Novice: 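One structure, pasted below without further comment.
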There are 2 protein chains.
Amino acid sequence: MRLADGPVRLQPMPPGADAMLIAKCPVRDVLDRIGDKWSVLILKNLEEGPRRFGVLKRMIGDISQRMLTQTLRDLQRDGLIQRTVYPTVPPSVDYRLTKLGQSLMDPLEYLVQWSDRNHQKVRKARQSFDRTPPGAPA
Amino acid sequence: MRLADGPVRLQPMPPGADAMLIAKCPVRDVLDRIGDKWSVLILKNLEEGPRRFGVLKRMIGDISQRMLTQTLRDLQRDGLIQRTVYPTVPPSVDYRLTKLGQSLMDPLEYLVQWSDRNHQKVRKARQSFDRTPPGAPA
DNA sequence: CATCCTGGTCTCAAAAAGAGACCAGAACTC
DNA sequence: GAGTTCTGGTCTCTTTTTGAGACCAGGATG
């Protein structure tokens with residue numbers, strides 16, 4: 001890859017990368033689910049025990065009712081949480097982690113730990129990036 | 001919480017949850033970044049070594065140029081990847097993980113493992129959910 | 001009778017993502 | 001020397017997601 005002494009003509013494709021090597025793997029399934037803005041937050045809340053709809057909403061604070069409903073349904077659909085309806089006076093509903101959902105909390109915990117340890121660095125990087133204009137001098 | 005023998009009147013707020021307990025914590029910073037559709041995919045690709053823009057695009061396959069550009073910039077802004085421009089003939093650019101970015105790969109790996117082990121269950125849950133109409137009989 | 005509470009749904013506006021055309025500028029082709 | 005190619009981006013337009021907030025059922029409560 002003569003970078004300093006001549007024209008550059010890379011191989012049209014990296015060796016063995018016929019595209020979608022990663023795009024189609026199961027990771028994507030999971031990431032697309034917990035990768036939305038709210039899933040992890042909800043899961044994290046549910047980790048402490050069953051929660052009712054309204055409580056979850058208030059806990060998270062800035063989630064819209066619409067999104068909460070929908071995210072909860074998606075989570076339920078994927079078997080991560082369980083929805084229980086109680087035939088009480090104003091019918092109440094609560095959500096709790098399934099076994100599967102609980103097992104996801106472990107890897108998630110690592111992520112949370114990383115966040116705690118490194119968010120400072122991320123913030124600093126962000127600041128310095130924002131200070132330096134995109135077209136920075138050599 | 002008399003669920004079975006009388007009216008339900010929950011406390012307006014769960015004990016100690018003044019909202020945003022979780023919403024404001026560092027986790028959110030991180031999750032909002034890697035929680036988008038592409039970041040992890042890109043990070044995962046970069047794990048194997050420096051990659052050029054076009055290569056990344058072809059590897060991921062179904063990402064739009066626009067999104068790739070933007071996600072890469074965000075990742076760079078957060079100090080997770082490093083962008084290097086080579087003054088070659090058609091100017092070429094490559095991206096690689098920073099040390100910080102690399103350290104994120106560890107927790108991510110757990111997630112990937114979980115995905116591999118459990119995506120089957122998730123798929124089954126999904127199927128059975130889809131088979132059973134929302135208003136299922138008792 | 002009017003009001004409150006719960007967990008949702010519906011509609012409408014705003015924001016984000018995807019598709020694809022377009023650009024610079026040197027090198028290579030003919 | 002005109003035309004094509006290659007690279008990493010940007011710009012505009014359309015489609016999809018998300019957010020805000022009104023509205024609903026229906027028993028309890030005052």
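Below, chain A is the first sequence line, B the second, and so on; all start at residue 1. Both backbone and side-chain heavy atoms feed into the values below; hydrogens, waters and symmetry mates do not. Predicted model, so just to flag it, every value in this text is computed and none were measured.
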Novice: Can you measure B:D62 atom CG to C:dA19 atom P for me and round it to whole angstrom units?
Specialist: 8 Å

Novice: Select one nucleotide: of D:dG19, D:dG8, C:dT6, the one nearest the side-chain heavy atoms of A:R52.
Specialist: C:dT6

Novice: How many whole angstroms separate atom CG of B:D94 from atom P of D:dT7?
Specialist: 14 Å

Novice: Rounding to a whole Å, what distance do you find between B:F53:CZ and D:dG8:P?
Specialist: 7 Å

Novice: So which nucleotide from D:dG19, D:dG8, C:dG7 ends up closest to the side chain of A:W38?
Specialist: D:dG19

Novice: Any donor and acceptor pair, going by atom type alone, linking the side chain of B:K57 with main-chain N or O of B:I63 inside 3.5 Å?
Specialist: yes

Novice: Got a sec, which residues hit side-chain contact (heavy atoms from CB on, under 4.5 Å) with B:D116, two or more places apart in sequence or on another chain?
Specialist: A:P26, B:V112

Novice: B:R51 CZ to D:dG8 C1': how many Å, rounded?
Specialist: 17 Å

Novice: For DNA chain C, find the residues of residues 65-79 of chain A with a heavy-atom distance under 4.0 Å and give them by number; none if there aren't any.
Specialist: A:Q65, A:R66, A:T69, A:R73

Novice: Send over the distance from B:I63 CD1 to C:dG20 P, rounded to a whole Å.
Specialist: 15 Å

Novice: Within this structure, what is the NZ-to-C1' distance between B:K57 and C:dA17, rounded to whole angstrom?
Specialist: 13 Å

Novice: A:L41 CG to D:dT18 P: how many Å, rounded?
Specialist: 15 Å

Novice: With sequence neighbours left out, write down each residue that passes side-chain contact (heavy atoms from CB on, under 4.5 Å) with A:E47, or none if nothing qualifies.
Specialist: A:K44, A:L97, A:M105

Novice: Sequence neighbours left out, what pairs pass side chain to side chain donor-acceptor pair (under 3.5 Å) with at least one residue falling in residues 66-77 of chain B?
Specialist: A:D130-B:R77

Novice: Looking at residues at least two apart in the chain, or sitting in another chain, which of them share a side chain to side chain donor-acceptor pair (under 3.5 Å) with B:W38?
Specialist: none

Novice: Can you list everything that forms a salt bridge (charged side-chain N to carboxylate O under 4.0 Å, His left out) with A:D36? Sequence neighbours excluded, please.
Specialist: none

Novice: Establish whether A:Y110 and B:L80 are linked, either directly or via other cluster members, by ILVMFWY side-chain heavy-atom contacts under 4.5 Å.
Specialist: no

Novice: Atom CG of B:D36 to atom C1' of C:dG18: distance rounded to whole Å?
Specialist: 14 Å

Novice: C:dG18 phosphate, OP1 or OP2: any side-chain N/O from B:K37 under 4.0 angstrom?
Specialist: yes

